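To start, the structure under review is shown below, and the notes come after it.
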Number of protein chains: 2
Amino acid sequence: MGITIRDVAQAAGVSTATVSRALRGLANVDEQTRARVERAAAELDYVISPSASRLASGRTGSVAVITPYIARWFFSTVLSGVESTLQGAGMDLLLMTVSNPDAQHRLPPAPRLRRRVDGALIIAIPPDDQQLADVLKLDLPTSLIGVSVGDVPSVTIDDVYAARMATQHLLNLGHQRIGLIAGSGSRSPFTAEKDRHRGFVEAMNEARLPIAPHLQALGFFTSAGGEQAMTALLAQRERPTAVFCMSDEMAFGAMRALRSHGLQPGRDISLIGVDGHDMSELLELTTVEQPVHDMGRIAAEALLVQLHSDNQIKAQSVVLPTRLVVRASTAPIAPGQ
Amino acid sequence: MGITIRDVAQAAGVSTATVSRALRGLANVDEQTRARVERAAAELDYVISPSASRLASGRTGSVAVITPYIARWFFSTVLSGVESTLQGAGMDLLLMTVSNPDAQHRLPPAPRLRRRVDGALIIAIPPDDQQLADVLKLDLPTSLIGVSVGDVPSVTIDDVYAARMATQHLLNLGHQRIGLIAGSGSRSPFTAEKDRHRGFVEAMNEARLPIAPHLQALGFFTSAGGEQAMTALLAQRERPTAVFCMSDEMAFGAMRALRSHGLQPGRDISLIGVDGHDMSELLELTTVEQPVHDMGRIAAEALLVQLHSDNQIKAQSVVLPTRLVVRASTAPIAPGQ
DNA sequence: TTGTAAGCGTTATCAA
DNA sequence: TTGATAACGCTTACAA
């Protein structure tokens, strides 16, 4: 039923080997011959069989992208950066999720990767995740995004610095009673959360300000969680005048909590996030932006280089810059607060 | 370097044919033998070579998902529904974008699909898109999501009805001067937009209300576009008392435009969207929810059935229900308006 | 520059 | 239920 390389060879009056070389653009083929082969292939509407090619060559021409979530802003934005890069390089992108509590009972990813892809891109999986460890053990060319583990090449931001920048912004505005909405707290598996916490602490320490436990709450990186956390902070006898939220989504929730208390972000309590979420501009949230799309793109590019250099060159880890974007949700502390 | 089926056969003392049968769970294998084979495979840490298996069997075990966008709410949410279903069935998911103006100069998808996947899922590509036509011409088992073309199986909502429901809600609240924020207007390639427009018109006609051209604006399905559109509507001599936005994201933008004019959604001007976007609840937007995640799941399930029935059974098209969710952004018209 | 031919690691047919 | 063995369609030494 399918046209094979033999049909093309016959039509072009050459051997299958020559067809293979011609169609893959290898150097040592006469241009006349190549043209003839290409014409024959086009006329027969021939497409190469990837399975056969993979089996014979040992290369799969595909890259796995492993992520805990698909429908969350950070992850889908990284994914879009990855996708356009891989597509541009003619690589297939195999998408699989992992560590997602919504889908516990699945095949773990490591066995699904073996003999199936040339490399893997891994988005923000906690560094101590067992499934991550299993994947890394496969010793596939790999780049990490938004997380770093050992000496595996990664693309990240400086989370300590990002948090310092955010906190310092609040300090610069004169705030002293600064609250914190974290993710899952000290038990968090994420490096990003630990680092953002450290940045917050460092900035506060430098300003010689106390870190009040009752001004801290957990928002689990969701907007619903952020809303609850902010509500808890508002219930304290002494409310914060500003709050550093470890993610924009939690800050959105916090904004809502403020509104339901008749308070206005910026005017009554300042709010700052981290991410540069699509909705931040709309909601006028001050935030520390990270270049999420670029993180995906750059990680994919690094992986491609590694793949094309026969894995001789191990990619370097990259730390991308972040940027404070000031909007209406932060303002100088009001006199008397 | 790799363990092959021959190694397992040797270790288990059987033929490669038996190993193949045993490992794939075929019926006619003695349970004793199967156990022995499985043990041998486990001990050798054997994994099947997909390329070889594909070449020999003709099945690829993978499904392509073709989408114009990845990092937009609707698309990433559909994708997550698709992914969990395919993953559960042990199918590989090949992700590729198409028709995306951000990435014009790419290989078209049709050639990339041939001999590579067993089926395709296509998310909301305009029905008259040439690349869509090319993909459908491949005559691969296919399900469409959020769009319908000819008799290709699809999973959609009733967009006419959704728009009627939204408009009727505003009418029920006593609004008469109802504005419309559409996508790209009459030239829109999307069925969804045309249908939503029709639903709006039908509801207005039934209420014997005029459809004022100056109360209509285009928002291009983005929040920035929605903001501009609402701003334009507010500049009219006679403002609408309520606006039907064809998507939640445009409604978010419209909300912002209201706020910058010192107006409050619901109190001053009612706003309703379509989607059930994650942020709608937070922003208290009334909307007509569509079951986006389920649309992905159901389309994937239908495709799997088609694949497993040797394509004998052609999947049916499914229209899923939508649901009005009333929040603070809509309210009865104020007396005197 | 081109051709020959031996793999690549399965699956599937047929016979036992 | 099991085994031999011929595909499957390409790539890649190696030879010419």
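Throughout, protein chains are lettered first and strands after them, A, B, ... in sequence-line order, and every chain is numbered starting at 1. This one's a predicted model, so the numbers in the text were calculated from it and none came from an experiment.
Taking CD1 from A:Ile122 and CD1 from A:Ile66, the interatomic distance works out to 4.5 Å, rounded to the nearest 0.5 Å.
Taking atom CD1 of B:Ile3 as the reference point, atom C1' of C:dG9 lies 13 Å away to the nearest angstrom. B:Arg59 places its CZ atom 9 Å from the P atom of C:dT11, with the value rounded to the nearest Å. Nucleotide D:dT5 holds its P atom 16 Å from the CD1 atom of B:Ile5, rounded to whole Å. One interatomic measurement links the two molecules: CZ of B:Arg21 to P of C:dT11, which rounds to 11 Å at whole-angstrom precision. Atom CG of A:Leu44 and atom C1' of D:dG9 are 15 Å apart (whole Å). Nucleotide D:dG9 holds its P atom 13 Å from the CD1 atom of A:Ile48, rounded to whole Å. Whole-Å rounding puts the B:Asp7 CG to C:dT10 C1' distance at 13 Å. Between the C1' atom of C:dT2 and the CZ atom of A:Arg36 lies a distance of 11 Å, rounded to the nearest Å.
The A:Leu55 side chain lies nearest to C:dG9 when the options are C:dG9, C:dG3, C:dT11. Closest to the side chain of B:Ala56, from the set D:dT12, D:dC8, D:dG9, is D:dC8.
Residue B:Arg6 places none of its side-chain N or O atoms closer than 4.0 Å to OP1 or OP2 of C:dT10. Put simply, B:Ser49 has no side-chain N or O that comes within less than 4.0 Å of OP1 or OP2 on C:dT10. For A:Arg24, a side-chain nitrogen or oxygen approaches OP1 or OP2 of D:dT12 to under 4.0 Å. Distances shown here put a side-chain N or O of A:Ser20 below 4.0 Å from the OP1 or OP2 atom of D:dT11. At least one side-chain nitrogen or oxygen of B:Ser53 sits closer than 4.0 Å to the OP1 or OP2 atom of C:dT11. For the OP1/OP2 pair of C:dT2 and a distance below 4.0 Å, the side-chain nitrogens and oxygens of A:Thr33 include at least one atom meeting the criterion. Between B:Ser15 and D:dT2, a side-chain N or O to OP1/OP2 separation shorter than 4.0 Å is absent. Considering only side-chain N and O atoms, B:Thr16 lies nowhere under 4.0 angstrom from the phosphate OP1 or OP2 of C:dG9.
Salt-bridge check for A:Asp92 with A:Arg54: passed, with a basic side-chain N closer than 4.0 Å to an acidic carboxylate O.
A cation-pi contact, defined as under 6.0 Å to the ring centre and within 45° of the axis, links A:Arg72 to A:Tyr69.
Residue-level contact check: B:Asn28 touches the bases, meaning some heavy atom is under 4.0 Å from a base atom. B:Ser51 comes within contact range of no nucleotide atom at all, as no heavy-atom separation falls under 4.0 Å.
Of the two residues contacting DNA chain D, namely B:Gly13 and B:Ala52, the nearest-nucleotide position lying further toward the 5' end is that of B:Gly13. In terms of position on DNA chain D, the residue among A:Ala17 and B:Glu31 whose nearest nucleotide sits closer to the 5' end is B:Glu31.
For the residue pair A:Thr156 / A:Ser154, no side-chain donor-acceptor distance below 3.5 Å is found, with atom types taken as modelled.
Using a distance-only test at 3.5 Å, with no hydrogens or angles considered, a donor-acceptor pair links the side chain of A:Arg36 to the main chain of A:Ala12.
Not a single donor-acceptor pair, N or O on each side, falls under 3.5 Å between the base of D:dG9 and the side chain of A:Arg54.
Contact annotation: the side chain of B:Asp118 never approaches that of B:Pro141 to less than 4.5 Å [non-hydrogen atoms, C-beta and beyond].
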